[in-house]
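All residue numbers refer to positions in the sequence shown, counting from 1.
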Amino acid sequence: MSGMDEPKAPEPNKIDKLAEEATEAGRKLLDSETGRKVAQASENAFAKAEALGREAMASDTAKQAAAKAKELAGDAAEAGKRFMDSDTGKKVSEVGEKAYDKAGALARQAMASDAAKQASDTAKQVWSTRLGKNMATGAAAGAALGLVVPFVGTIFGEVVGAGLGYLRTITKKN
């Protein structure tokens, strides 16, 4: 970075300490009746979300959507093939290949940078904590549910899922 220091990945002990502090702070909430009710509600929400996810994926609507997506993908592939066989498609292909090569080179350069390595190290450290795993798992489940349930949306699903992952962490003993 021009004139600026490269960001440094937190030390492994710091990540563990921060995760433990967040977990302990949350556990203090469980000392109140309201906190215990919220924790129970989060457990119920996790169970219901899992059941809803299984139900949604097994529903006729999901099966119809999958069949329609497969049909549309086939149509798109056929149209793409016709386009690529045209003169315009061949020119677009050449430009696309050059852009792809350039993007690949830039991506390799970015991934080799210290910042990318530090980000990767930090992500690995966070994932190694129980809090990080529960929040990431909750966020992924929420995003997946958001894909199937129209009014939820993936971003809202991720946020709620991560929050439920946090609540799950603070309600479980080691």
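For the pair Lys17 and Glu20, the minimum side-chain heavy-atom distance is 4.5 Å or more.
No more than 12 heavy atoms of other residues, nucleotides or ligands lie within 6.0 Å of CD in Gln109, so this atom counts as exposed by the packing criterion.
In this structure, Trp127 CH2 and Thr122 OG1 are separated by 15.5 Å, a value rounded to the nearest 0.5 Å. With rounding to the nearest 0.5 angstrom, the CG atom of Asp101 is 11.0 Å from the CG atom of Leu106.
Legend: residues meeting side-chain contact (heavy atoms from CB on, under 4.5 Å) with Val92, ordered by chain and number and at least two apart, are Phe83, Thr88.
The cluster map of Ile, Leu, Val, Met, Phe, Trp and Tyr, joined by side-chain heavy atoms under 4.5 Å apart, puts Leu164 and Phe156 in the same cluster.
For Asp87 and Lys91, the salt-bridge test fails: no basic side-chain N is under 4.0 Å from an acidic carboxylate O. A salt bridge does not link Lys81 to Glu78: none of the charged nitrogens lies less than 4.0 Å from a carboxylate oxygen.
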Please list, one pair per line, the donor and acceptor atoms closer than 3.5 Å that link side chains of residues 134-142 to other protein atoms, with sequence neighbours excluded.
residue : atom : partner : partner atom : Å
Asn134  : ND2  : Thr169  : OG1          : 2.8
Thr137  : OG1  : Lys133  : O            : 2.7

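Across every non-hydrogen atom of Ala116 and Ala110, the tightest pair is CB-O, 3.2 Å. Of all heavy-atom pairs spanning Lys90 and Met84, the tightest one is CG-O, 3.6 Å.
Side chain of Tyr166 to backbone of Ala22: a donor-acceptor contact under 3.5 angstrom is found. One N or O on the side chain of Thr23 and one on the backbone of Ala19 form a donor-acceptor pair closer than 3.5 Å.
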Before giving the answer on side chain to side chain donor-acceptor pair (under 3.5 Å), spell out for Asn44 and Gln40 the whole-Å C-alpha distance, their side-chain angles and the decisive distance to 0.1 Å.
CA-CA 6 Å; Asn44 292 342; Gln40 184 58 50; 3.0 Å; yes
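Residue pairs satisfying the salt bridge (Lys or Arg N to Asp or Glu O under 4.0 Å) criterion with at least one member in residues 145-168, sequence neighbours excluded, are listed as follows: Glu43-Arg168.
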